[in-house]
Structure formats: structure tokens, C-alpha cells
There are 2 protein chains.
Amino acid sequence: MMTYEEFKGMVHLSRREICKEIFTENRDLIKVKKPDRVVKNLARIFEATLALSNKKGFHAMSLRDLSAGAGLSMGALYSYFASKEELLRMIQDQGRRVTTRILQEQIGTVAGPREKLQTAIVVHLYLSDAMQPWFYFSYMEAKNLPKKAQREAILSELATEQMFADIIREGQNQNIFGPRDPDMTSALIKAMLQDWYLKKWKYQARQVTVDAYARVVVDWAFAYLNREPVAE
Amino acid sequence: MMTYEEFKGMVHLSRREICKEIFTENRDLIKVKKPDRVVKNLARIFEATLALSNKKGFHAMSLRDLSAGAGLSMGALYSYFASKEELLRMIQDQGRRVTTRILQEQIGTVAGPREKLQTAIVVHLYLSDAMQPWFYFSYMEAKNLPKKAQREAILSELATEQMFADIIREGQNQNIFGPRDPDMTSALIKAMLQDWYLKKWKYQARQVTVDAYARVVVDWAFAYLNREPVAE
DNA sequence: GTCTATACATAGATAGAC
DNA sequence: GTCTATCTATGTATAGAC
């Protein structure tokens with residue numbers, strides 16, 4: 001598997017890539033026409049939005065704040081999106097595309113339930129670390145999304161969980177994992193993965209690295225899924 | 001240990017109790033003078049605030065919304081708090097008092113690391129379930145608090161985690177638990193406890209009860225802390 | 001104690017100059 | 001393409017009648 005540094009580089013590329021996609025798909029909504037300029041400014045706008053929102057909330061961030069943070073006038077901002085709500089939708093959209101694409105690319109290259117489970121955990125942690133502001137934002141601002149986008153977010157969340165549950169079931173069929181409830185187990189694995197990006201400040205202060213965190217989560221999962229559960 | 005139903009009753013009493021405390025301590029800020037009336041209306045205001053905020057965010061909840069939700073005019077609302085920010089502070093305050101008081105009452109009655117750990121997990125889950133709206137609110141709106149209150153919230157959070165870590169260390173000293181990192185272990189236990197109130201809708205839809213959830217978390221923790229960790 | 005009516009600030013959004 | 005200036009709606013908060 002690739003190192004975390006390589007991984008970060010890949011994520012960075014993918015993000016620019018998808019900024020372009022967003023642009024081509026929203027040509028009608030975005031008034032500026034030079035692709036390079038749009039991608040550059042969209043990236044700045046997204047970045048500033050995440051920074052400001054994660055500090056005080058998307059709703060509390062005024063477009064004047066954003067204007068200052070992104071280095072563009074309010075008038076200019078409206079050349080890139082039609083409303084504050086649409087800005088939210090675009091960010092949500094971009095993030096989810098990057099994550100699903102990279103998750104799919106990285107997983108599936110390995111075989112065997114134990115290896116699969118470990119890889120899924122590590123890749124998810126790497127990804128959520130490389131895109132921490134987006135993951136945090138996405139979690140905290142979900143309730144501000146319009147109904148339709150909210151449903152999409154939930155579906156995407158459940159799909160990830162299902163992925164873990166499927167790996168666990170496969171391992172149980174092969175008699176590698178013990179008879180734990182696959183849905184509950186994957187729910188709890190997800191809870192642990194989420195803590196990494198929701199409480200990043202805490203782990204950073206304690207100097208816990210992604211790799212160290214990954215190791216603990218993997219150990220924990222294997223201890224629980226071990227074929228001979230320990231009696232109470 | 002008491003049943004969940006008894007527990008809920010106790011929490012309900014404690015909440016009214018603490019509403020009174022809040023009132024006596026803020027006599028100067030609250031303009032209404034009849035205790036019964038204040039407690040009744042404060043409870044309605046708090047409840048409506050939690051309901052509205054948890055749906056669309058505290059900042060997005062206007063005082064007009066709250067006025068409608070609580071069944072009081074906007075003028076009347078301002079007889080109970082001086083500003084929206086202070087309302088936030090009062091809610092935060094009340095919740096934390098209830099939780100710390102009940103946690104302390106319930107824990108410490110048992111001896112032995114295994115029993116202590118189990119009790120701490122179960123009580124925390126019961127509490128966060130009985131006061132789910134407050135726990136959710138407290139987590140999601142932390143960043144909207146004034147600096148001082150934010151520090152208090154973090155301290156309280158870390159104290160809970162410390163409590164778990166201490167139990168684990170005790171168990172390790174008595175050679176009952178294996179050599180896992182106590183801080184990381186308690187951080188992950190907390191992550192699992194949080195998932196219960198942050199994703200309540202999910203577990204409700206799957207018909208997972210608090211007791212069932214508690215059992216899984218306890219099993220998981222014991223599997224991980226078992227004296228002979230399973231080799232990878 | 002609670003209400004209605006209103007003051008004042010700030011939010012999102014747009015028009016038109018450059 | 002981007003800016004400044006401005007419109008309108010909505011938000012918090014208060015005054016004063018009842």
C-alpha cells in the first residue's frame with residue numbers, strides 16, 4: 001500500500017480534477033468563463049468557506065466574512081454561485097465525489113476479509129485526514145442542507161457502513177471472523193473512524209498519528225471479531 | 001442496578017430540580033419572580049430551543065421561531081433571559097449540572113475494575129439517552145458558545161474520558177486488563193458512546209435498544225482489554 | 001407578566017460603473 | 001471579471017400598553 005504522503009498528493013490532484021468537473025457541469029450557473037480562473041477561485045472560495053464554517057458554523061458565516069476570507073468582493077462571489085445555499089451544495093458535491101472515487105480506487109485491490117477490513121479502515125482514515133475540513137464540515141452542516149441533498153448524504157453514509165458490514169459477513173462465511181452482529185460491528189467501526197476527524201484537535205494535542213490511530217482501530221476490530229469471543 | 005425506566009424518572013426529577021437552581025442563581029437576570037411560573041416556562045423554553053436547534057441549528061433558529069415553539073411572545077421571552085447567547089449558556093449549564101451530578105451519584109457505588117467499567121458505560125448511555133436532545137445540542141453547538149463556556153465544555157468532556165482511563169489503569173494494576181493504552185482505549189469508548197446520541201435516528205430505525213447497544217460496547221471493550229491480546 | 005408594535009443592525013442579493 | 005454602492009428582508013432587542 002502507498003504511504004500517507006503519497007496518498008495526500010493523490011487526494012490533492014483529485015480535488016483539482018473534480019473542481020474542473022464541477023465547473024463544466026455548472027457552466028450555466030457560473031458566470032465566469034475562463035476555466036483556469038474558475039478552478040483557482042472556486043478552490044479559494046471552498047477553502048475559505050470550510051475554514052470559516054468550521055470555526056463558527058456555515059449559517060453564522062456571513063458572505064462578507066467569506067468575501068474577506070476568499071479575497072474576492074461580494075459581487076465577485078456571486079459570479080461563482082447563485083446563492084449561499086448553492087455554495088453549500090457545491091461543496092457537499094465536490095467532497096463526496098472525491099471521497100467515493102478514491103475509496104473505490106483504493107479498496108478492492110486486496111483480497112481476504114482480514115486484509116480487506118484493514119485496508120478499508122486505513123484508507124478511510126487517510127482520506128478523512130487528508131480532507132479533514134471537508135469531513136468535519138459535512139458532518140456538522142448536514143442539517144443545513146436542502147432535503148434532497150440531506151437524503152444523498154445519509155445514503156452515502158449508509159453505503160460506507162454497508163461496505164464494512166459486507167466485508168465482515170464475508171469473513172464470517174469463511175469462518176475467519178466470529179459470530180458478531182455485522183451491522184452493529186460496522187456501525188461501531190464507523191463511530192471510531194468519525195472520531196478521528198471530529199476530534200482532530202484532541203489527537204493532535206496528544207501527538208497521535210494517523211497510522212497509530214489506524215493500528216488501534218484495526219486491533220480493536222480484530223479483537224472483537226476474533227473467532228472465540230471471550231466470555232464475560 | 002436500577003432499570004432504565006427508573007433511571008429516566010430520576011433524570012426527569014433532577015432536571016426540574018436544577019431548573020430551580022438555575023433560577024435562584026440568576027434571580028437578577030430573570031425578571032419574572034414567581035418560582036413555579038419561572039420553572040415551568042424555563043422548561044418550555046429549553047425544550048423548544050433544543051427541538052428547534054437540533055432540527056436546523058441554534059444560529060438558524062430565530063427568536064420568532066422560538067416564540068412560536070415555546071408559546072410565549074418575544075417580549076415575554078426576554079423576561080427569562082437577557083440575550084440569545086445567554087439562553088445558550090443557561091442550557092449548557094443546566095445540562096452539564098444534571099449529567100455530572102447523576103454520573104457521580106451512580107458511579108462509585110460499585111467496586112472492581114470490570115464492574116466499574118461496565119457501570120460507567122451503561123450509566124453514560126442511559127443518561128445520554130434520557131437527555132438525548134441536550135447531548136446532541138451540546139455537541140453540535142459547542143462552537144457557538146462564548147470562549148469561556150467552550151473551555152468548560154472541553155474540560156468536562158476530558159474529565160469524563162479521564163474517568164474511563166482511570167478505571168482501565170486500575171484494572172491493569174490489578175492485572176485484570178491487558179497492556180492497552182488507557183487514554184486511547186477510553187477515547188475510543190467515548191467515541192462509541194457518542195455515536196448513540198449523535199445517530200439516534202439510525203439505531204432507532206434498526207430497533208436497537210439502549211440495553212442492546214450497551215451490551216455490545218461492553219463486550220467490545222472487554223474483548224479489547226482482555227489480558228491476552230490476540231496476535232494479528 | 002405578557003402582549004403588540006417598533007427600533008436598529010446585519011444578513012443575502014443585485015445593479016451598474018470600471 | 002471584479003468592484004462599490006445599494007436594495008430589501010430578516011434578525012435581535014426594547015418600549016410601553018394592558
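Worth knowing before you read on, the calculation uses all heavy atoms, side chains too, and leaves out hydrogens, waters and symmetry mates. The chains referred to below are lettered A, B, ... by the order of the sequence lines, with proteins before strands, and numbering in each begins at 1.
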Over how many whole Å does the gap from B:L87 atom CG to D:dA13 atom C1' extend?
14 Å
What is the separation between atom CD on B:E86 and atom P on D:dT14, rounded to the nearest whole Å?
11 Å
Output yes when B:D195 and A:K190 qualify as a salt bridge under the 4.0 Å nitrogen-oxygen rule, no when they do not.
no
Report the residues that fulfil side chain to side chain contact (heavy atoms under 4.5 Å, CB included) with B:S138, sequence neighbours left out, ordered by chain and then residue number.
B:Q92, B:W134
Short side-chain N/O contact to C:dA13 OP1/OP2 from A:Y78, under 4.0 Å
yes
A:R89/A:E152 salt bridge by N-O under 4.0 Å criterion:
no
side-chain hydrogen bond (donor to acceptor under 3.5 Å, both in side chains) partners of residues 65-81 of chain A, not counting sequence neighbours, each pair once:
A:N41-A:Y80, A:K56-A:D65, A:S62-A:D65
Starting from C1' on D:dT12, measure out to NE2 on A:H59 and report it in whole angstrom.
14 Å
Base-contact (B) and sugar-phosphate-only (S) positions in nucleotides 3-9 of chain C, heavy-atom cut-off under 4.0 Å, - elsewhere
BB-----
Stretch residues 27-46 of chain A: residues that reach within less than 4.0 Å of DNA chain C through a heavy atom:
none
Rounded to whole Å, the CG-C1' distance (B:L66 to D:dT12) equals 12 Å
Give the intermediate values and the outcome of side chain to side chain contact (heavy atoms under 4.5 Å, CB included) for residues A:F81 and A:L42.
CA-CA 9 Å; A:F81 51 78; A:L42 268 187; 5.9 Å; no
Could you check how far CG of B:N144 sits from C1' of D:dT12, rounded to whole Å?
16 Å
Pair A:E161-B:R206, salt bridge (Lys or Arg N to Asp or Glu O under 4.0 Å): steps then yes or no
CA-CA 14 Å; A:E161 202 171 316; B:R206 296 184 186 170; 2.9 Å; yes
Between C1' on D:dC7 and CG on A:L63, what's the gap in Å once rounded to a whole number?
16 Å
Under the salt bridge (Lys or Arg N to Asp or Glu O under 4.0 Å) criterion, do B:D129 and B:K200 qualify, and how do the steps go?
CA-CA 9 Å; B:D129 193 70; B:K200 182 142 197 214; 3.2 Å; yes
Taking only residues two or more places apart in sequence or in another chain, which ones pass ring-ring contact (aromatic ring centres under 6.0 Å, His included) with A:Y126?
A:Y4, A:F7
Between C1' of D:dT10 and CG of B:D65, the distance in whole Å
11 Å
Take atom CG of B:L52 and atom P of D:dT12, then tell me their distance rounded to the nearest Å.
12 Å
Please classify the nucleic acid contact of B:F81 as base, sugar-phosphate, or nothing, using heavy-atom distances under 4.0 Å.
nothing
List for me each residue that meets side chain to side chain donor-acceptor pair (under 3.5 Å) alongside A:Y213, sequence neighbours excluded, and say none if there are none.
none
Pick base, sugar-phosphate or nothing for B:S62, based on heavy-atom distances below 4.0 Å to the nucleic acid.
sugar-phosphate
